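See structure below.
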Amino acid sequence: MFRKLIQKLKHNPKTIVFTEGTDPRILEASARLLSGTFLTPILVGNQEEVLAAADRECLNVQNVQVLDPATYEGMDEMVEKMVELRKGKMSAEECREALQKANYFGTMLVAMGKADCLLGGATYSTADTVRPALQLVKTKPGNKIVSSCFILVRPFATGGNQVLAMGDCAINIDPTEDELIEIAQEVAKCARIFGVDPKVAMLSYSTNGSGKGSTVDKMRNATRRLQDMMLDFPVDGEMQFDAAVNPSVGQLKFPGSQVAGYANTFIFPEITAGNIGYKIAQRMGNFDAYGPILLGLNAPINDLSRGCNALEVYSMAIITAALAE
(Lines give C-alpha, C1' and ligand atoms only; values in the text may rest on other atoms or scores of the structure.)
Protein backbone atom coordinates (compact mmCIF):
# COMPACT_ATOMS: atom_id res chain seq x y z
CA MET A 1 0.00 0.00 0.00
CA PHE A 2 2.74 2.46 0.94
CA ARG A 3 4.76 1.68 -2.18
CA LYS A 4 1.77 2.76 -4.27
CA LEU A 5 1.30 5.95 -2.25
CA ILE A 6 5.00 6.82 -2.52
CA GLN A 7 4.93 6.19 -6.27
CA LYS A 8 1.97 8.55 -6.57
CA LEU A 9 3.82 11.23 -4.57
CA LYS A 10 6.96 10.85 -6.70
CA HIS A 11 4.90 12.03 -9.67
CA ASN A 12 3.55 14.98 -7.65
CA PRO A 13 5.81 15.74 -4.64
CA LYS A 14 4.35 17.54 -1.62
CA THR A 15 5.51 19.51 1.42
CA ILE A 16 4.36 18.66 4.94
CA VAL A 17 4.55 20.74 8.11
CA PHE A 18 5.50 19.05 11.37
CA THR A 19 4.47 21.29 14.25
CA GLU A 20 6.78 19.68 16.84
CA GLY A 21 10.17 20.18 15.25
CA THR A 22 12.32 19.17 18.23
CA ASP A 23 10.53 15.89 18.98
CA PRO A 24 12.91 12.94 18.37
CA ARG A 25 10.19 10.93 16.59
CA ILE A 26 9.45 13.81 14.24
CA LEU A 27 13.16 14.29 13.57
CA GLU A 28 13.71 10.60 12.80
CA ALA A 29 10.77 10.57 10.37
CA SER A 30 12.00 13.82 8.80
CA ALA A 31 15.51 12.43 8.31
CA ARG A 32 14.00 9.45 6.50
CA LEU A 33 11.82 11.70 4.31
CA LEU A 34 14.82 13.89 3.45
CA SER A 35 16.53 10.84 1.96
CA GLY A 36 13.69 10.56 -0.57
CA THR A 37 12.33 12.88 -3.24
CA PHE A 38 8.58 12.63 -2.76
CA LEU A 39 7.73 14.51 0.45
CA THR A 40 9.60 17.49 1.88
CA PRO A 41 9.30 18.19 5.61
CA ILE A 42 9.06 21.65 7.15
CA LEU A 43 9.77 21.75 10.88
CA VAL A 44 8.28 24.38 13.19
CA GLY A 45 10.66 25.48 15.95
CA ASN A 46 13.85 27.32 16.79
CA GLN A 47 16.54 26.28 14.32
CA GLU A 48 19.31 25.92 16.89
CA GLU A 49 17.08 23.84 19.15
CA VAL A 50 15.92 21.64 16.27
CA LEU A 51 19.48 20.95 15.08
CA ALA A 52 20.69 20.36 18.63
CA ALA A 53 17.87 17.85 19.21
CA ALA A 54 18.80 16.10 15.95
CA ASP A 55 22.47 15.94 16.96
CA ARG A 56 21.51 14.31 20.27
CA GLU A 57 19.71 11.60 18.31
CA CYS A 58 22.51 11.33 15.71
CA LEU A 59 20.08 12.27 12.94
CA ASN A 60 21.01 14.17 9.80
CA VAL A 61 18.48 16.93 9.12
CA GLN A 62 20.94 19.59 8.00
CA ASN A 63 18.98 20.36 4.83
CA VAL A 64 15.56 20.57 6.45
CA GLN A 65 13.63 23.85 6.37
CA VAL A 66 12.99 25.10 9.91
CA LEU A 67 10.50 27.94 10.45
CA ASP A 68 10.40 29.75 13.77
CA PRO A 69 7.28 31.80 14.62
CA ALA A 70 9.45 34.15 16.66
CA THR A 71 11.58 35.15 13.65
CA TYR A 72 9.37 34.34 10.66
CA GLU A 73 9.79 37.11 8.07
CA GLY A 74 6.26 36.75 6.73
CA MET A 75 4.55 37.12 10.10
CA ASP A 76 2.85 40.45 9.30
CA GLU A 77 1.30 38.95 6.16
CA MET A 78 0.29 35.87 8.15
CA VAL A 79 -1.38 37.96 10.86
CA GLU A 80 -3.29 39.94 8.24
CA LYS A 81 -4.50 36.74 6.58
CA MET A 82 -5.51 35.18 9.88
CA VAL A 83 -7.54 38.26 10.84
CA GLU A 84 -9.34 37.92 7.52
CA LEU A 85 -10.00 34.20 8.04
CA ARG A 86 -11.30 34.73 11.58
CA LYS A 87 -13.78 37.32 10.25
CA GLY A 88 -13.60 39.75 13.15
CA LYS A 89 -13.51 37.09 15.87
CA MET A 90 -9.88 37.85 16.71
CA SER A 91 -7.93 41.12 16.67
CA ALA A 92 -4.54 41.45 15.00
CA GLU A 93 -2.85 41.28 18.40
CA GLU A 94 -4.76 38.13 19.35
CA CYS A 95 -3.84 36.54 16.03
CA ARG A 96 -0.17 37.45 16.44
CA GLU A 97 -0.18 35.89 19.90
CA ALA A 98 -1.90 32.70 18.67
CA LEU A 99 0.60 32.39 15.83
CA GLN A 100 3.46 32.03 18.31
CA LYS A 101 1.96 28.58 18.99
CA ALA A 102 3.21 25.92 16.61
CA ASN A 103 -0.22 24.46 15.89
CA TYR A 104 -1.66 27.80 14.72
CA PHE A 105 1.52 28.82 12.90
CA GLY A 106 1.74 25.48 11.08
CA THR A 107 -1.93 25.54 10.13
CA MET A 108 -1.57 29.02 8.68
CA LEU A 109 1.33 27.82 6.52
CA VAL A 110 -1.12 25.36 4.98
CA ALA A 111 -3.95 27.92 4.78
CA MET A 112 -1.66 30.31 2.89
CA GLY A 113 -0.39 27.64 0.49
CA LYS A 114 3.15 27.62 1.92
CA ALA A 115 2.78 23.87 2.54
CA ASP A 116 0.44 21.19 1.22
CA CYS A 117 -0.45 19.45 4.47
CA LEU A 118 0.24 19.20 8.21
CA LEU A 119 0.86 16.51 10.80
CA GLY A 120 0.84 17.32 14.51
CA GLY A 121 -0.23 16.08 17.89
CA ALA A 122 2.80 14.04 18.97
CA THR A 123 2.81 16.05 22.20
CA TYR A 124 -0.63 17.69 22.34
CA SER A 125 -4.29 16.74 22.05
CA THR A 126 -6.45 16.04 19.01
CA ALA A 127 -8.47 19.15 19.90
CA ASP A 128 -5.33 21.29 19.56
CA THR A 129 -4.90 19.98 16.00
CA VAL A 130 -8.55 20.15 14.96
CA ARG A 131 -9.40 23.58 16.44
CA PRO A 132 -6.99 25.68 14.32
CA ALA A 133 -7.82 23.55 11.28
CA LEU A 134 -11.52 24.33 11.65
CA GLN A 135 -10.85 28.01 12.28
CA LEU A 136 -8.33 28.58 9.49
CA VAL A 137 -8.41 25.84 6.83
CA LYS A 138 -12.12 25.16 7.36
CA THR A 139 -14.34 22.49 5.87
CA LYS A 140 -14.67 21.80 2.15
CA PRO A 141 -17.60 23.34 0.27
CA GLY A 142 -20.66 21.22 0.95
CA ASN A 143 -19.21 19.75 4.14
CA LYS A 144 -20.51 20.79 7.53
CA ILE A 145 -18.33 18.67 9.82
CA VAL A 146 -14.85 17.23 10.23
CA SER A 147 -14.93 13.48 10.61
CA SER A 148 -12.31 10.74 10.68
CA CYS A 149 -11.48 7.25 9.61
CA PHE A 150 -8.90 4.59 10.32
CA ILE A 151 -7.30 2.53 7.58
CA LEU A 152 -6.61 -1.01 8.77
CA VAL A 153 -4.10 -3.19 6.95
CA ARG A 154 -3.33 -6.89 7.42
CA PRO A 155 -1.21 -9.09 5.12
CA PHE A 156 -2.77 -12.13 3.50
CA ALA A 157 -0.87 -15.39 3.97
CA THR A 158 -0.87 -15.78 0.19
CA GLY A 159 0.54 -12.29 -0.42
CA GLY A 160 -0.94 -8.82 -0.69
CA ASN A 161 -2.93 -7.00 1.96
CA GLN A 162 -6.45 -6.83 3.29
CA VAL A 163 -7.34 -3.14 3.62
CA LEU A 164 -10.41 -1.87 5.48
CA ALA A 165 -11.77 1.58 6.35
CA MET A 166 -13.64 2.43 9.57
CA GLY A 167 -15.30 5.69 10.61
CA ASP A 168 -16.01 7.76 12.56
CA CYS A 169 -13.88 6.40 15.41
CA ALA A 170 -12.34 9.59 16.79
CA ILE A 171 -14.17 12.88 16.24
CA ASN A 172 -17.98 12.89 16.26
CA ILE A 173 -19.35 11.51 19.52
CA ASP A 174 -22.96 10.85 18.50
CA PRO A 175 -23.42 11.83 14.85
CA THR A 176 -26.85 12.73 13.58
CA GLU A 177 -28.45 11.14 10.55
CA ASP A 178 -27.25 14.02 8.37
CA GLU A 179 -23.73 13.74 9.78
CA LEU A 180 -23.64 9.97 9.17
CA ILE A 181 -24.47 10.60 5.51
CA GLU A 182 -21.52 12.98 5.24
CA ILE A 183 -19.24 10.62 7.18
CA ALA A 184 -20.10 7.65 4.94
CA GLN A 185 -19.28 9.58 1.78
CA GLU A 186 -16.00 10.95 3.15
CA VAL A 187 -14.84 7.55 4.47
CA ALA A 188 -15.64 5.94 1.10
CA LYS A 189 -13.58 8.61 -0.71
CA CYS A 190 -10.71 8.06 1.70
CA ALA A 191 -10.90 4.28 1.25
CA ARG A 192 -10.44 4.69 -2.50
CA ILE A 193 -7.17 6.59 -1.99
CA PHE A 194 -5.81 3.47 -0.30
CA GLY A 195 -6.90 1.09 -3.03
CA VAL A 196 -10.22 0.00 -1.51
CA ASP A 197 -13.26 -0.30 -3.79
CA PRO A 198 -15.73 0.73 -1.07
CA LYS A 199 -18.62 -1.49 -0.08
CA VAL A 200 -20.14 0.46 2.80
CA ALA A 201 -21.90 -1.20 5.73
CA MET A 202 -23.94 1.00 8.07
CA LEU A 203 -23.42 -0.91 11.31
CA SER A 204 -25.91 -1.56 14.10
CA TYR A 205 -27.02 -4.19 16.60
CA SER A 206 -29.84 -4.91 14.14
CA THR A 207 -29.79 -6.36 10.62
CA ASN A 208 -32.43 -5.42 8.06
CA GLY A 209 -35.09 -4.59 10.62
CA SER A 210 -34.40 -7.40 13.11
CA GLY A 211 -34.12 -4.98 16.04
CA LYS A 212 -35.60 -1.71 17.20
CA GLY A 213 -34.28 1.46 18.79
CA SER A 214 -33.30 5.03 18.04
CA THR A 215 -29.80 4.16 16.79
CA VAL A 216 -31.28 1.44 14.56
CA ASP A 217 -33.65 4.00 13.05
CA LYS A 218 -30.78 6.44 12.61
CA MET A 219 -28.62 3.96 10.69
CA ARG A 220 -31.54 2.64 8.62
CA ASN A 221 -32.72 6.12 7.65
CA ALA A 222 -29.19 7.28 6.80
CA THR A 223 -28.76 4.18 4.61
CA ARG A 224 -31.97 4.81 2.68
CA ARG A 225 -31.03 8.43 2.09
CA LEU A 226 -27.56 7.45 0.86
CA GLN A 227 -29.08 4.90 -1.51
CA ASP A 228 -31.44 7.57 -2.87
CA MET A 229 -28.40 9.69 -3.74
CA MET A 230 -27.35 7.16 -6.43
CA LEU A 231 -23.73 7.14 -5.28
CA ASP A 232 -20.97 5.38 -7.22
CA PHE A 233 -20.43 2.80 -4.48
CA PRO A 234 -22.82 0.32 -2.81
CA VAL A 235 -24.08 1.04 0.69
CA ASP A 236 -26.45 -1.05 2.78
CA GLY A 237 -27.77 -1.35 6.30
CA GLU A 238 -28.59 -1.30 8.96
CA MET A 239 -26.58 -4.48 9.63
CA GLN A 240 -24.64 -6.26 12.34
CA PHE A 241 -20.93 -6.79 11.93
CA ASP A 242 -21.18 -10.53 11.28
CA ALA A 243 -23.69 -9.89 8.53
CA ALA A 244 -21.35 -7.27 7.07
CA VAL A 245 -18.29 -9.55 6.79
CA ASN A 246 -19.50 -13.15 6.58
CA PRO A 247 -21.12 -14.02 3.22
CA SER A 248 -23.24 -16.90 4.50
CA VAL A 249 -24.54 -14.88 7.46
CA GLY A 250 -24.90 -11.71 5.42
CA GLN A 251 -26.90 -13.25 2.59
CA LEU A 252 -29.07 -15.21 5.02
CA LYS A 253 -29.97 -12.08 7.00
CA PHE A 254 -29.88 -9.63 4.09
CA PRO A 255 -30.58 -11.61 0.88
CA GLY A 256 -29.58 -9.91 -2.34
CA SER A 257 -27.50 -7.18 -0.70
CA GLN A 258 -24.36 -6.13 -2.60
CA VAL A 259 -22.70 -5.29 0.70
CA ALA A 260 -23.80 -7.91 3.26
CA GLY A 261 -20.96 -10.40 3.69
CA TYR A 262 -18.55 -8.41 1.52
CA ALA A 263 -18.20 -5.05 3.30
CA ASN A 264 -14.79 -3.38 3.52
CA THR A 265 -15.86 0.09 4.69
CA PHE A 266 -17.67 0.35 8.01
CA ILE A 267 -19.67 3.26 9.42
CA PHE A 268 -20.39 3.12 13.15
CA PRO A 269 -23.46 4.67 14.81
CA GLU A 270 -21.38 6.57 17.38
CA ILE A 271 -17.84 7.01 18.64
CA THR A 272 -17.90 4.42 21.43
CA ALA A 273 -18.65 1.57 19.04
CA GLY A 274 -16.21 2.92 16.47
CA ASN A 275 -13.30 3.39 18.85
CA ILE A 276 -13.77 -0.03 20.44
CA GLY A 277 -14.29 -1.66 17.05
CA TYR A 278 -11.09 -0.49 15.39
CA LYS A 279 -9.04 -1.29 18.50
CA ILE A 280 -10.41 -4.85 18.61
CA ALA A 281 -9.38 -5.25 14.97
CA GLN A 282 -5.96 -3.79 15.74
CA ARG A 283 -5.18 -5.74 18.90
CA MET A 284 -6.95 -9.05 18.31
CA GLY A 285 -7.19 -9.13 14.53
CA ASN A 286 -3.53 -8.20 13.99
CA PHE A 287 -4.36 -5.25 11.75
CA ASP A 288 -2.07 -2.25 11.56
CA ALA A 289 -4.24 0.81 12.21
CA TYR A 290 -3.42 4.15 10.57
CA GLY A 291 -5.22 7.22 11.79
CA PRO A 292 -7.24 9.00 12.80
CA ILE A 293 -7.27 10.44 9.29
CA LEU A 294 -9.21 13.70 9.42
CA LEU A 295 -11.80 14.12 6.66
CA GLY A 296 -13.83 17.03 5.34
CA LEU A 297 -11.19 19.78 5.58
CA ASN A 298 -10.04 22.00 2.71
CA ALA A 299 -6.49 20.64 3.11
CA PRO A 300 -5.04 17.48 4.70
CA ILE A 301 -4.33 18.00 8.39
CA ASN A 302 -3.84 14.97 10.59
CA ASP A 303 -3.33 14.12 14.22
CA LEU A 304 -0.76 11.79 15.76
CA SER A 305 -1.18 9.68 18.85
CA ARG A 306 0.97 10.95 21.69
CA GLY A 307 2.22 7.37 22.04
CA CYS A 308 3.35 7.20 18.40
CA ASN A 309 6.79 6.06 17.28
CA ALA A 310 8.94 7.36 14.42
CA LEU A 311 7.69 4.73 11.96
CA GLU A 312 4.09 5.75 12.67
CA VAL A 313 5.01 9.41 12.08
CA TYR A 314 6.64 8.49 8.76
CA SER A 315 3.64 6.37 7.71
CA MET A 316 1.10 9.03 8.70
CA ALA A 317 3.12 11.68 6.85
CA ILE A 318 2.82 9.65 3.64
CA ILE A 319 -0.90 9.07 4.24
CA THR A 320 -1.49 12.77 4.92
CA ALA A 321 0.37 13.84 1.79
CA ALA A 322 -1.52 11.28 -0.31
CA LEU A 323 -4.76 13.07 0.62
CA ALA A 324 -3.53 16.34 -0.93
CA GLU A 325 -4.99 17.23 -4.32
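What's counted below: heavy atoms across the whole structure, side chains too, no hydrogens, waters or symmetry copies. This one's a predicted model, so the numbers in the text were calculated from it and none came from an experiment.
When atom types are taken as modelled, the side chain of Glu238 and the backbone of Gly209 share a donor-acceptor pair closer than 3.5 angstrom. Between the Asn264 side chain and the Lys199 main chain, a donor and an acceptor come within less than 3.5 Å of each other. Between the side chain of Asp116 and the backbone N or O of Ala324, no donor-acceptor pair lies under 3.5 Å. Put simply, the side chain of Lys253 never gets that close to the backbone of Asn208: no donor and acceptor are under 3.5 Å apart. Here the side chain of Glu94 pairs a donor or acceptor atom with the backbone of Ser91 at under 3.5 angstrom. Judged by distance alone, the side chain of Thr207 and the main-chain N or O of Gln240 form a donor-acceptor pair under 3.5 Å. Side-chain atoms of Glu20 come within 3.5 Å of backbone N or O of Thr123 as a donor-acceptor pair. Remark: the backbone N or O of Gln62 is paired with a side-chain donor or acceptor of Asn60 at under 3.5 angstrom. At least one donor-acceptor pair closer than 3.5 Å links the side chain of Asn275 to the backbone N or O of Cys169. Judged by distance alone, with hydrogens and angles left aside, the side-chain atoms of Arg192 form no donor-acceptor pair with the main-chain N or O of Val187 at under 3.5 Å.
The shortest side-chain heavy-atom distance between Met112 and Glu77 falls under the 4.5 Å cut-off. The closest side-chain heavy-atom distance from Val64 to Leu33 is not below 4.5 Å. For the pair Leu180/Leu226, no side-chain contact is recorded, criterion being any heavy-atom separation below 4.5 Å from C-beta on. Phe194 places a side-chain heavy atom less than 4.5 Å from the side chain of Ile319. Taking 4.5 Å as the limit, every side-chain heavy atom of Asn46 sits out of range of all side-chain heavy atoms of Thr71. The shortest side-chain heavy-atom distance between Met108 and Leu85 falls under the 4.5 Å cut-off. You'll find the side chain of Asp68 stays beyond 4.5 Å of the side chain of Gln47, heavy atoms only. Between Val163 and Ile151 the shortest side-chain heavy-atom distance falls below 4.5 Å.
If you look at Phe150 and Phe287, their ring centroids are not closer than 6.0 Å.
Of the inter-residue distances, the one linking Phe2 atom CZ with Gln7 atom CD reads 15.0 Å to the nearest 0.5 angstrom. Atoms CZ and CE, on Phe105 and Met75 in that order, are 5.5 Å from each other to the nearest 0.5 Å. Atom SG of Cys117 is separated from atom CG of Leu323 by 8.5 Å, given to the nearest 0.5 angstrom. Note that CZ of Phe254 and CE of Met239 are 5.0 Å apart. Values are rounded to the nearest 0.5 Å. Rounding to the nearest 0.5 angstrom, the gap separating the CG atom in Leu34 from the CG atom in Leu27 is 10.0 Å. With rounding to the nearest 0.5 Å, the separation of CD1 in Ile42 from OG1 in Thr15 is 4.5 Å.
Using a cutoff of 4.0 Å between basic side-chain nitrogens and carboxylate oxygens, Asp76 and Arg96 are scored as salt-bridged. Salt bridge absent: Glu28 and Arg25 never bring a charged side-chain N and a carboxylate O closer than 4.0 Å. With respect to the salt-bridge test (charged N to carboxylate O, under 4.0 angstrom), the residues Arg225 and Asp178 qualify.
The heavy-atom pair separating Leu59 from Pro24 by the smallest distance is CD1-O, 4.2 Å.
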Asp23 and Phe18: CA distance, side-chain angles, deciding distance, side-chain contact (heavy atoms from CB on, under 4.5 Å) verdict: CA-CA 10 Å; Asp23 188 284; Phe18 290 110; over 6 Å; no
side-chain contact (heavy atoms from CB on, under 4.5 Å) between Ile171 and Thr126, worked out: CA-CA 9 Å; Ile171 301 294; Thr126 297; 4.1 Å; yes
Verdict with supporting geometry, Phe241 and Phe266, ring pair (Phe, Tyr, Trp, His ring centres under 6.0 Å): CA-CA 9 Å; Phe241 192 80; Phe266 306 93; 5.1 Å; yes
Full working for side-chain contact (heavy atoms from CB on, under 4.5 Å) between Val235 and Met229: CA-CA 11 Å; Val235 55; Met229 294 167 73; over 6 Å; no
Check against side-chain contact (heavy atoms from CB on, under 4.5 Å), Tyr104 and Arg131: CA-CA 9 Å; Tyr104 275 92; Arg131 188 183 306 108; 3.8 Å; yes
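Open room surrounds CD on Glu80; 12 or fewer heavy atoms of other groups in view lie less than 6.0 Å from it. At most 12 non-hydrogen atoms from other residues, nucleotides or ligands lie less than 6.0 angstrom from CD of Gln258. Atom CG of Asn63 has 12 or fewer heavy atoms from other residues, nucleotides or ligands within 6.0 Å. Enclosure of atom CD in Glu97 is not indicated, since only 12 or fewer non-hydrogen atoms of other residues, nucleotides or ligands lie within 6.0 angstrom.
Side-chain N/O atoms of Glu49 and Thr22 include no donor and acceptor closer than 3.5 Å. Of the N and O atoms on the side chains of Glu270 and Thr272, at least one donor lies less than 3.5 Å from an acceptor on the other residue.
Follow the hydrophobic side-chain contacts under 4.5 Å out from Leu5 and you never reach Leu152; the two are in separate clusters. The same ILVMFWY cluster, assembled from side-chain heavy atoms under 4.5 Å apart, contains both Ile6 and Val153.
Applying side-chain contact (heavy atoms from CB on, under 4.5 Å) to Tyr124 and the options Thr19, Asp303, Leu304 leaves one that passes, Thr19. Here the options are Leu295, Ile293, Leu297, Leu118, the test is side-chain contact (heavy atoms from CB on, under 4.5 Å), and the partner is Asn302; only Ile293 passes.
Legend: side-chain hydrogen bond (donor to acceptor under 3.5 Å, both in side chains) pairs involving residues 137-150, not counting sequence neighbours, sorted by first then second residue: Lys140-Glu186, Asn143-Glu182, Asn143-Glu186, Ser148-Asp168.
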